[in-house]
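Order of the sequence lines sets the chain letters (A, B, ...), proteins ahead of strands, with each chain counted from 1.
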2 protein chains.
Amino acid sequence: MSDLDFHDHDHSACRATLLRAAEQRCRDKGLQLTPVRRRVLELLAEGHRAMGAYEVLDLLRAEGFGSQPPVAYRALDFLVSNGLAHKIERLNAFIACALPGSRHAPVFLICTGCGTVAETHLDLGDGRLGEIADRAGFEIGRAVVEIEGRCPTCREAA
Amino acid sequence: MSDLDFHDHDHSACRATLLRAAEQRCRDKGLQLTPVRRRVLELLAEGHRAMGAYEVLDLLRAEGFGSQPPVAYRALDFLVSNGLAHKIERLNAFIACALPGSRHAPVFLICTGCGTVAETHLDLGDGRLGEIADRAGFEIGRAVVEIEGRCPTCREAA
DNA sequence: CCTTTCGTGTTATATTATCACATACGCCGA
DNA sequence: TCGGCGTATGTGATAATATAACACGAAAGG
Ligand SMILES: [Zn+2]
Ligand SMILES: [Zn+2]
Ligand SMILES: [Zn+2]
Ligand SMILES: [Zn+2]
């Protein structure tokens with residue numbers, strides 16, 4: 001399975017992998033993967049798509065967690081800060097990181113047809129972006145690459 | 001002057017160039033660069049930095065234009081749709097396009113120290129991103145590349 | 001036992017963005 | 001000349017996204 005498949009892969013498998021990786025990562029780094037945080041990551045992984053903070057909040061509320069925005073935002077911030085999820089700025093939405101563990105510049109391919117989001121990554125050190133930054137004397141902190149377009153399935157349909 | 005200078009260039013010159021280019025572009029394409037729209041572009045060009053919609057709105061209001069959010073958002077949408085400005089998603093802010101005319105994927109270098117934003121661009125056809133999209137069978141519509149870090153000036157200061 | 005730290009929860013508020021509707025103006029065909 | 005039409009501008013109201021400020025409780029460490 002490629003890291004770029006849009007529709008044809010085993011969600012339950014990648015979900016389980018994600019959760020295991022997250023647990024491992026938190027153990028290693030002394031982070032607390034508390035019930036809310038864990039559940040939010042599960043929700044993102046289950047949905048396997050970008051979810052808004054309020055969408056997450058609704059689900060948390062329905063499950064007996066806190067019902068106010070900070071509950072969702074704090075859990076999401078934790079996941080994002082620790083590389084377990086990403087925020088997709090273009091959509092004001094969050095998604096589980098498909099490549100946890102590696103320090104990477106995520107690249108999102110966002111289908112405007114079906115809303116599916118595929119993640120891959122870019123090594124910023126080499127390549128055009130690194131070159132651009134070097135030439136400008138700019139020190140890269142973090143990068144966001146978000147590409148909107150149509151996924152293979154939606155292209156066929158059209 | 002490079003298109004990537006952060007601090008040391010002639011603002012009044014690049015502002016004038018921008019406005020002339022916009023007028024030209026609107027004439028060519030039958031677009032109406034109305035007073036509000038033109039003034040918003042001027043404000044972005046004068047500021048020479050990313051400005052929030054409400055910051056723009058405050059200035060418009062002070063100058064006798066409409067005082068409600070849609071006034072600013074509609075003008076900004078016009079400019080963005082027609083390639084005269086960009087929205088920087090990471091900042092929920094807008095900036096005049098530094099390279100109007102060319103159809104390009106803008107790349108923003110955002111300094112977290114001083115807030116300055118430099119724009120350059122990427123040709124999506126070739127390069128790593130095009131390659132990634134091709135491999136996934138993904139048809140690129142538009143792309144957003146936003147890099148946060150420190151500009152040369154702020155690096156020295158640190 | 002006391003203090004500190006962290007996580008969770010709450011209420012209230014700030015910030016960003018859109019909806020819905022009214023008016024005005026230029027254009028064009030009847 | 002008139003009426004319809006598209007487009008731009010303006011308004012008040014509201015939606016969607018995000019943070020501030022504070023209280024409480026559990027766990028860790030002295
Ligand atoms: Zn990732
Ligand atoms: Zn699709
Ligand atoms: Zn541009
Ligand atoms: Zn700087």
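- In terms of phosphate contacts, B:S67 brings a side-chain nitrogen or oxygen within less than 4.0 Å of OP1 or OP2 of D:dT11.
- Residues B:K87 and B:E146 are not paired through a salt bridge, judged by the lack of any N-O separation under 4.0 Å between the basic side chain and the carboxylate.
- One atom, CZ of B:F65, and another, P of D:dT9, lie 9 Å apart when rounded to the nearest Å.
- A:L31 CG to A:F78 CZ: the interatomic distance, rounded to the nearest 0.5 Å, is 4.5 Å.
- Between B:H121 and B:H86, the distance separating the two ring centers is not shorter than 6.0 angstrom.
- Residues B:Q68 and A:T34 both approach DNA chain C. Their nearest nucleotides, taken by heavy-atom distance, put A:T34 toward the 5′ side.
- In this structure, the nucleotide among D:dG10, C:dG9, D:dA8 sitting nearest to the side chain of A:V36 is C:dG9.
- For A:R25 and A:D28, the salt-bridge test fails: no basic side-chain N is under 4.0 Å from an acidic carboxylate O.
- Atom pair B:L57:CG and D:dT11:C1' shows a separation of 13 Å (rounding to whole Å applied).
- For the pair B:R37 CZ and D:dT7 P, the interatomic distance rounds to 11 Å; values are reported in whole Å.
- Distance B:L31 CG to D:dA8 C1': 13 Å, rounded to the nearest Å.
- In terms of position on DNA chain D, the residue among A:P69 and B:Q32 whose nearest nucleotide sits closer to the 5' end is B:Q32.
- For the pair A:R61 CZ and C:dT11 P, the interatomic distance rounds to 11 Å; values are reported in whole Å.
- For the segment residues 70-93 of chain B, the set of residues with a heavy atom within less than 4.0 Å of an atom of DNA chain C comprises B:P70, B:Y73, B:K87, B:N92, in numerical order.
- Two residues are said to be in side-chain contact when any heavy atoms from C-beta on lie closer than 4.5 Å; B:C97 and B:E119 meet this criterion.
- Residue-nucleotide stacking is not present for B:Y54 and C:dT15, judged by a side-chain ring centre under 5.5 Å from the six-membered base ring centre and planes under 30° apart.
- Using a 4.5 Å cut-off on side-chain heavy atoms (C-beta onward), B:V40 and B:L79 make contact.
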